[in-house]
Trainee: 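I'd like to ask some things about the structure below.
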Amino acid sequence: SSMPARRAHGNNLCERDRKVITEEELRKTFDLFDFDKSGSIDERELQQAIKSLGVICNDNMAKKVLRMVDSDCNGTVEWEEFHAFFGRVGDPEDIKDLLADSCHRFFEYKMAVETDPNFAKTFQVPEIQDVVKKFMGHNESIEKVAWLSADELMSASIDAEVLVWSASDTAARPVCKRKFKVGKGCALYSMAVDAPRRLLLAGLDGKGTSCMRLITPDDGEEKLAYEGHKTPVYCCAFSNDISLLASGEKKGEIFIHDASAAECVVKAQVHKSVVYAVDYQGASSTICTASKDGSVKVVDSRGMAPEGKADLTIDDAAASGAVWQARWRGQHDILSCGDDYCIKRWDIRNIDQGPVSSYFGHTSVVRSLELSPDGEFFASGVQTGGVRLWQTDRLSEVEASLELAVTEIGRSQKALDDLQERYESGEGDVDELKAARKVLTEALKSKEGLSETHAVLRRQGYYQAVLGFDGGSMPVSTIAWFNGPDGVRLATGAHDQALRLYHVDMGALPSQKV
């Protein structure tokens, strides 16, 4: 269910003094940025003009504004167009509403984190759970962790060393079961694992050799070296059936390989900068990507054109900062996170309306995301070492519970009416009647509580974390989720070279505050 887009901290988050824009100020602003005195300003000059009016504006926002202001579609803005557009507002804050740009509330959230002394009163720290086990064995920062089985856990560090651990190891300082190096003298930036098929795909810096290689994790043997990449591979992924490989590199290109052949099938300049994440949508050939350029893109990898045109683009997915992760949730949802300290859920059928859910509470850059297999929960890791667990769509769960509660009230009321009629005719039992009244009272009370929770969730417009985890103080670059017989096992890898293991009893999560 979609949550209403509201400001992150009531209606007064980082409230600014009101400042009226006069026509004289508009004219001065226009003239100031009409550098060549041509009587028109281009996209770059427009961006500077908007900033001078007190509104944060990045490249993507400037493009949007240009399309809105440039009524004659000649690629520049003349004074008449500038005045007609910005003259409709009397305050710089109103420009945000005029532009209908949902990213401003994420700017405001980040500003509240950094400047608002009352931040902790609104966004409370969740209950913190201790680490179950800590594995130390790497000499460099850990870039990827993955489960190979219920007991085998694999970690890979930037020096291309891969270690395999036993999660059930009871030693105070566990020692890895085996380890191997990928490549010779290479740095490892990304890794994808297909546990059932026992395959590992490694993205490397290359050092003049292949930047992407297929490995068997049981012995570290290289099965295939893929061609095409000329710069470091920062992300890679298997398609569901392992027939295709998608990878993204430092300069923003996306590569598609047939898993069984070294040659690249197609490559495209999809992004302007580093591609940090790529993910296949279920069993389809559609991928989503996340980049340092601030956007999330959706592309059909089988029909990808060399010019890199995306099927769908989410501009400013991290409020002008880098997007570190983008992950599919089902057929239509994408979760993303990044430099604005936020996590967002997007419905690709309705991108123009902004994110359908927002997740607030982190106080630094969100670097990593991992969804539960059913997509009902996800875990996130941040630049400062924190890890949190979230329910993905609590609003929908509450709405479904409300429907069940209404049905239960109807059923309980009918049962009570029937018992009341029997009692009045001399056939009923008074204890049964009392019990039925109690059931109805409890059903009404349950509905009242659910209605109150529903109203609060709709009003505040964001979710807070269910649980937090005690971690280190360095960036959490990777998280792996495993549903075991004893509950959920979360493994995290961080730049402090530590692999941490947590156990979560999903049936005993703390009561969620709203």
Side-chain angles (χ1 to χ4, degrees), residues 4-8 11-111 269 271-273 291 293-297 307-321 323 340 346 350-355:
R6 298 188 61 86
R7 293 194 179 190
N11 292 317
N12 299 302
L13 181 59
C14 300
E15 194 71 30
R16 301 175 179 85
D17 294 332
R18 306 289 289 180
K19 177 192 173 185
V20 175
I21 306 173
T22 65
E23 182 166 340
E24 182 181 1
E25 285 178 302
L26 278 176
R27 182 79 231 193
K28 286 182 178 179
T29 299
F30 183 87
D31 291 341
L32 178 65
F33 293 100
D34 180 14
F35 296 120
D36 57 5
K37 305 305 175 188
S38 63
S40 63
I41 58 179
D42 60 20
E43 180 185 309
R44 182 178 59 84
E45 293 166 337
L46 178 62
Q47 182 178 355
Q48 295 303 315
I50 296 171
K51 287 180 178 179
S52 75
L53 294 174
V55 178
I56 300 170
C57 183
N58 62 18
D59 293 346
N60 288 326
M61 290 168 61
K63 285 185 175 68
K64 293 178 187 176
V65 176
L66 180 61
R67 289 195 296 268
M68 297 171 74
V69 181
D70 184 17
S71 57
D72 60 7
C73 302
N74 68 349
T76 60
V77 176
E78 285 67 47
W79 161 247
E80 292 77 13
E81 294 171 324
F82 188 85
H83 178 265
F85 185 80
F86 291 104
R88 283 182 279 164
V89 298
D91 183 284
E93 289 296 295
D94 296 334
I95 294 176
K96 298 175 182 179
D97 298 326
L98 191 63
L99 299 182
D101 192 348
S102 62
C103 1
H104 276 289
R105 70 190 186 109
F106 301 106
F107 279 122
E108 290 178 339
Y109 172 78
K110 186 174 181 180
M111 191 175 297
Q269 189 72 48
H271 289 281
K272 296 178 181 178
S273 188
S291 171
D293 66 14
S295 68
V296 170
K297 302 207 176 188
E307 60 268 21
K309 183 174 174 57
D311 299 316
L312 183 146
T313 299
I314 305 173
D315 289 320
D316 296 319
S320 85
V323 187
D340 59 359
W346 311 83
N350 202 13
I351 290 299
D352 291 341
Q353 297 301 312

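Side chains are part of it too, since the values below use all heavy atoms of this structure and drop only hydrogens, waters and symmetry mates.
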Trainee: Could you pull out all residues at least two apart from K297 that satisfy side chain to side chain contact (heavy atoms under 4.5 Å, CB included)?
Mentor: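 By the side chain to side chain contact (heavy atoms under 4.5 Å, CB included) rule, K297 matches V270, H271, T289, S295, A310, T313.
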Trainee: Using the test side chain to side chain contact (heavy atoms under 4.5 Å, CB included), find all partners of L32 that sit at least two apart in sequence or belong to another chain.
Mentor: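 Result, side chain to side chain contact (heavy atoms under 4.5 Å, CB included) vs L32: none returned.
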Trainee: Any idea which heavy atoms bring A317 and D340 closest together, and the distance?
Mentor: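 For A317 and D340, the tightest heavy-atom pair comes out as O-OD2, 4.3 Å.
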Trainee: Going by the rule side chain to side chain donor-acceptor pair (under 3.5 Å), which residues pair with S40 if we only count those two or more places apart in sequence or in a different chain?
Mentor: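 Partners of S40 under the side chain to side chain donor-acceptor pair (under 3.5 Å) test: S38.
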Trainee: For the atom pair CZ (F33) and CD1 (I41), what is the distance rounded to the nearest 0.5 Å?
Mentor: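 It is 8.5 Å, given to the nearest 0.5 Å.
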Trainee: Sequence neighbours left out, what passes side chain to side chain donor-acceptor pair (under 3.5 Å) with S71? Give chain and number order.
Mentor: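 E81.
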Trainee: If you round to the nearest 0.5 Å, how far is CG of D70 from CD of E78?
Mentor: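 Between E78 CD and D70 CG, I get 7.0 Å after rounding to 0.5 Å.
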Trainee: Please list, chain by chain and in numerical order, all residues satisfying side chain to side chain donor-acceptor pair (under 3.5 Å) with E45, sequence neighbours excluded.
Mentor: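 In terms of side chain to side chain donor-acceptor pair (under 3.5 Å), with neighbours along the sequence ignored, E45 is linked to no residue.
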Trainee: Of all heavy-atom pairs between F106 and P355, which one has the smallest distance, and what is that distance?
Mentor: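 Smallest interatomic distance, heavy atoms only, reads CZ-CG, 3.7 Å.
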Trainee: Would you mind reporting whether F82 and L26 have side-chain heavy atoms less than 4.5 Å apart?
Mentor: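 The answer is yes, as the side chains (C-beta and beyond) meet within the 4.5 Å cut-off.
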Trainee: Under the 3.5 angstrom rule, does the side chain of D34 hit a backbone N or O of G39 as a donor-acceptor pair?
Mentor: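 Pair found, side chain donor or acceptor close to backbone of G39.
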Trainee: Sequence neighbours excluded, which residues qualify as side chain to side chain donor-acceptor pair (under 3.5 Å) partners of R27?
Mentor: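 Side chain to side chain donor-acceptor pair (under 3.5 Å) list for R27, sorted by chain: D31.
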Trainee: Report the distance from atom CG of D315 to atom CG of D293, rounding to the nearest 0.5 Å.
Mentor: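 Output value for this atom pair is 8.5 Å.
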Trainee: Under the rule for salt bridge (charged side-chain N to carboxylate O under 4.0 Å, His left out), what residues qualify as partners of K309, not counting sequence neighbours?
Mentor: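 So K309 forms no salt bridge (charged side-chain N to carboxylate O under 4.0 Å, His left out) with any residue.
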Trainee: Please report the closest heavy-atom contact between S291 and S273, naming both atoms and the distance.
Mentor: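 Taking every non-hydrogen atom into account, OG-O, 3.4 Å.
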Trainee: What class does the angle between the rings of H83 and W79 fall in, given that below 30° is parallel, 30 to 60° is tilted and above 60° is perpendicular?
Mentor: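 If you compare the ring of H83 with that of W79, the planes turn out tilted.
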